[in-house]
There are 2 protein chains.
Amino acid sequence: MSNLLIKNVRPMGKATVDVLIKAGFIVKMEANIKPEPGIETIDGLNQLLLPGLVNAHAHVDKNLLGLGWHSYQVPERRISDLVNYERNYRLDNNISAKEQSAKEIEAASLLGVTHIRSHVDIDIDAGLQHFEGVLESKEAYQDCITMQLVAFPQSGMLIRRGTVDLLEEAIKLGAECIGGLDPSVIDRDPVKHLDTIFALADRHGVELDIHLHEPGKLGAFAVELIAERTKALGLQGKVVISHCFCLGQIDEAHLDDLITMLLENQIAIMSLGSANSNFPPIKKLYEAGVLLCTGTDGVRDTWGPYNGIDMLERVKLLGYRSGFYRDEEVEMLLDIATYGGAKVMKDDDYGLEVAKRADLVIVAGDTPTHAVVDQPVRNFVIKSGKIVAQTGSSTTQ
Amino acid sequence: MSNLLIKNVRPMGKATVDVLIKAGFIVKMEANIKPEPGIETIDGLNQLLLPGLVNAHAHVDKNLLGLGWHSYQVPERRISDLVNYERNYRLDNNISAKEQSAKEIEAASLLGVTHIRSHVDIDIDAGLQHFEGVLESKEAYQDCITMQLVAFPQSGMLIRRGTVDLLEEAIKLGAECIGGLDPSVIDRDPVKHLDTIFALADRHGVELDIHLHEPGKLGAFAVELIAERTKALGLQGKVVISHCFCLGQIDEAHLDDLITMLLENQIAIMSLGSANSNFPPIKKLYEAGVLLCTGTDGVRDTWGPYNGIDMLERVKLLGYRSGFYRDEEVEMLLDIATYGGAKVMKDDDYGLEVAKRADLVIVAGDTPTHAVVDQPVRNFVIKSGKIVAQTGSSTTQ
């Protein structure tokens, strides 16, 4: 457990303070803390101090980082085509989930990410090999990144017999969450799909994180079914709906009803916006009190070229697409990309304050919005009080 | 006039060649060119060779780079409110167009930009001070950047008496283009607005580059009026409509009619996409043969935090928003951000081929799309055969 004294930093752009860390936790945050013998001191040079970035929606098993440029290939942008192409590509080319996930986790840490919730593909062709590979990386990087894994039936579950058993195996191996995917569009039976994953969650005491790309009223129906099951099984506070584009595609009255359901059942929404379709109205949800988080989604994979590893870039894109021009709006997104994700991941020790674990990032910038827009090099990344990266390079190897 | 031998580069990601430059022009581009005595040789390390990036729509006079973070302030996002706030802010704070434009041009050059067309605000409060400031920067950076200036009535023209005379003064001082702005919404008289600027262009032999934010059918009407005047005055090939969001907001039949008019009158379209409204359908226009260019728009100014100086970031955003996933689609955008802009700027010597001027960028990346997505440091920026920047730092001072 690390001790560290950080001199001269501006937490979230506020007045300059020093930060004293003992045994990995922040014990003092005030001006002019005196150095103590035996405690390493670094100078923050009056730069910004941000809490560790939280990527609450990754797919660290499926990137193709370092393997040469992958030209996008799928003729139609249907989810099922994208999924099938990817599953076959990974098997045909022997892509190692262990090696690829290690590359992505390492790169994320250099960019100030201290928490990742990653979905991991589980299907009857690959079996548990992707999951087992990511489990090894999770272990290898445990000093840099707090990780949660979601056992994710990317290829469908009911339509591919044997998948449910594999998901259950993944839970036994350590998955913190059970995933789901478009219960009507992919699995063709929303009730059976949701009943199956909710039963798994209930039986094993894990949480749920469900991909929902279904549009408009169809997606809204799935949200209702999810809320009903959350209530029936007493799983309030343990369910995330990821993407949930439908919240940006229905009328206001219906949206208000769904927001009430989300709040009553403490269901969180993960949104990373969308390139060119409507997506959840972030500000309305935030102001209503819905718990929100965001993430990178899969990066540098067969789905397309655009997603990057940097959570500050994600915040910038989400702000750009949401029409957020004011600093306070961008800071709301930064709150979602830090505290929101940490709440979803149930990290009670997370936070930029005394008595919380020192998961911190120091970057240049006048204000947090300035850092979001510039995406400067992360001068220091600190996890549990230990410096894990400095000016973009790892300090742990 | 510079001589240079570049070893081992991949033009647009194709097979590795050497490039021999004499007197600023490419004289050979083939494998294994032998070094000549007295000609500097650099090793491209098998990296990508791109033609110089062309920012065909900048506002270099109005950035606030280096002046501390500017928090966005305007209550309503109406163009007139944004314009008035900005005009007053710049005057009240004595923002120097000369100093600010120099900062932006310098930063652009480090990022591989070799051409800039910049609009420059001209209004009856500031007079010609912004224009004169940018003229000085244009002169100061003439070895790094080919620049064109547009005399731009940002605050309106008919609604502010005296503006037309100032625009004419700017043309006499050296503006290559006369600008215009939302002839119905801002100036309240589309015919008189357009007749005025077309008459100025005709009288002084300059080109036109007209900002058109007007939506849907109103914007389409302005496009028709512009086409009619282009034809009547024989100004084919000398008119650009910038933004022209309306092309993405009308029915297909009307769009097809407008495309016919654009082609008949050789009117080019400048688009940088849009954060959250519909914008011109880039691929349809490109495939129809409409000349397209793109740019950064104003960066780090009072209009909002998102626009950056890097043209590769612009291409990435435009691809993201256009739903372009394939390499060939991204390369189409790169063509627009290089050759398209150079055609608009009438630079006949531009191009990545023998007998063209050596305006070049060397960057890491497997393919051009890879470079767009990663926005890597520009390892070499070459203007007229002279290395003007190396790994992100200027080599000319």
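Reminder, nothing fancy here: chain letters follow the sequence lines and each chain counts from 1.
For A:Y72, the ring-ring contact (aromatic ring centres under 6.0 Å, His included) partners are B:Y325, not counting sequence neighbours. With sequence neighbours left out, B:D121 forms a salt bridge (charged side-chain N to carboxylate O under 4.0 Å, His left out) with B:K62, B:R90. Taking the ring-ring contact (aromatic ring centres under 6.0 Å, His included) definition, one finds that B:F279 meets it with nothing, sequence neighbours left out.
Here the CD-CG distance, from A:Q73 to B:D327, works out to 8.0 Å after rounding to the nearest 0.5 Å. Rounded to the nearest 0.5 angstrom, A:Y306 OH and B:T369 OG1 are separated by 7.5 Å. The CG atom of B:N276 lies 12.5 Å from the CG atom of A:N276; values are rounded to the nearest 0.5 Å. Note that CG of A:D374 is 7.0 Å distant from CH2 of B:W69, once rounded to the nearest 0.5 Å.
With chain A as the partner, the residue from B:V372, B:N307, B:T367 showing the most heavy-atom pairs under 4.5 Å is B:T367. Taking B:R326, B:E328, B:E329 one by one and counting their heavy-atom pairs under 4.5 Å with chain A, the maximum is reached by B:R326. Heavy-atom pairs under 4.5 Å with chain B peak, among A:G304, A:G308, A:G319, at A:G319.
Under a 3.5 Å cut-off, the side chain of A:R77 and the backbone N or O of B:G323 do not form any donor-acceptor pair. In this structure, B:R321 contributes its side chain and A:R321 its backbone to no donor-acceptor pair below 3.5 Å.
For a residue to count as touching a neighbouring chain, one of its non-hydrogen atoms must lie under 4.5 Å from one of that chain's; by this rule B:Q375 does not touch chain A.
Residues of residues 330-337 of chain B lying within less than 4.5 angstrom of chain A, judged on heavy atoms, are B:V330 in numerical order.
When side chains are defined from C-beta on, A:Y320 does not count as touching B:Y320, because their heavy atoms never get closer than 4.5 Å. In this structure the side chain of B:D366 never reaches within 4.5 angstrom of the side chain of A:H70, judged on heavy atoms.
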Notebook entry, point to check: For B:E313 and A:E313, what are the C-alpha separation, side-chain angles and deciding distance, and is it a side chain to side chain contact (heavy atoms under 4.5 Å, CB included)?
Noted result: CA-CA 11 Å; B:E313 183 187 19; A:E313 184 188 17; over 6 Å; no
